[in-house]
Amino acid sequence: MKYKYALIACVVIVLAVLFVRQVAHDYENYDFKLEGTYSNNEQTFDWISFNNDGPNTFRLYHMVEGSQKEDRGTFKKVSDRKYILSSTYYHHAEVVCFEKFPNTVGFTITLGKAKVDFIQHSTTPTQIETSSSGNE
């Protein structure tokens with residue numbers, strides 16, 4: 001009787017390991033697409049909206065001296081999960097995208113020595129009116 005329970009336990013463990021490996025493999029091979037609206041949790045007024053319709057463009061909204069400012073630019077995919085942002089504020093800044101199981105999607109951007117995380121809130125690009133139009 002002990003052997004029967006041991007065999008059942010081994011089969012369950014093997015199936016669980018195979019399931020976890022498959023989920024991790026699918027998750028790891030997810031083709032990331034930089035799109036929608038992302039915000040910086042540390043700076044609540046900083047967020048970026050990416051638009052993939054037509055040319056790959058983005059809008060950065062950030063607070064400067066108490067006023068919401070907008071910067072527009074373009075982005076280019078350089079490899080899986082890596083993009084380059086180019087604008088007045090971001091001069092060829094590298095973006096590394098990430099996914100945290102089960103449903104957090106975002107990217108890390110390095111500015112100088114600082115790394116800043118942005119988390120996706122919507123897959124739809126967002127646009128707001130600001131006190132500045134176009135590039136600063």
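The structure displayed is predicted, hence computed values, not measured ones. Hydrogens, waters and symmetry mates are skipped; everything else that's a heavy atom, side chains included, is used.
Between the CG atom in Leu60 and the CG atom in Asp46 there is a gap of 6.5 Å [rounded to 0.5 Å]. If you take CD1 on Ile48 and CG on Asp71, they are separated by 9.5 Å, rounding to the nearest 0.5 Å. From Lys69, atom NZ reaches atom OG1 of Thr88 across 13.0 Å, with rounding to the nearest 0.5 Å.
In this structure the side chain of Lys82 never reaches within 4.5 angstrom of the side chain of Lys77, judged on heavy atoms. Leu85 places a side-chain heavy atom less than 4.5 Å from the side chain of Phe58.
Between Gly73 and Ser87, the shortest heavy-atom distance links the atoms CA-CB, 3.8 Å. The two residues Ser49 and Pro125 come nearest to each other via the heavy atoms OG-CA, 3.1 Å.
For Thr124 (side chain) and Thr37 (main-chain N/O), no donor-acceptor pair under 3.5 Å exists by modelled atom type.
Screening Tyr90, Trp47, Tyr89 for a ring pair (Phe, Tyr, Trp, His ring centres under 6.0 Å) involving His62 leaves a single residue, Tyr89.
With sequence neighbours excluded, the residues satisfying side chain to side chain donor-acceptor pair (under 3.5 Å) with Gln120 are Tyr38. Listed by chain and residue number, nothing satisfies the side chain to side chain donor-acceptor pair (under 3.5 Å) test with His91 (two or more places apart in sequence, or in another chain). Here Ser86 pairs with His92 under the side chain to side chain donor-acceptor pair (under 3.5 Å) rule; sequence neighbours left out.
In the hydrophobic clustering, Ile84 connects to Val78, either directly or through intervening members, whenever side-chain heavy atoms lie under 4.5 Å apart.
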Stepwise side-chain contact (heavy atoms from CB on, under 4.5 Å) test for Phe75 and Val95:
CA-CA 9 Å; Phe75 65 99; Val95 167; over 6 Å; no
Listed pairs under 3.5 Å, donor-acceptor, residues 105-119 side chains, sequence neighbours left out:
from, atom 1, to, atom 2, distance (Å)
Thr108, OG1, Asp117, OD1, 2.6

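Counting only N and O atoms by type, the side chains of Thr57 and Asn51 include no donor and acceptor under 3.5 Å apart.
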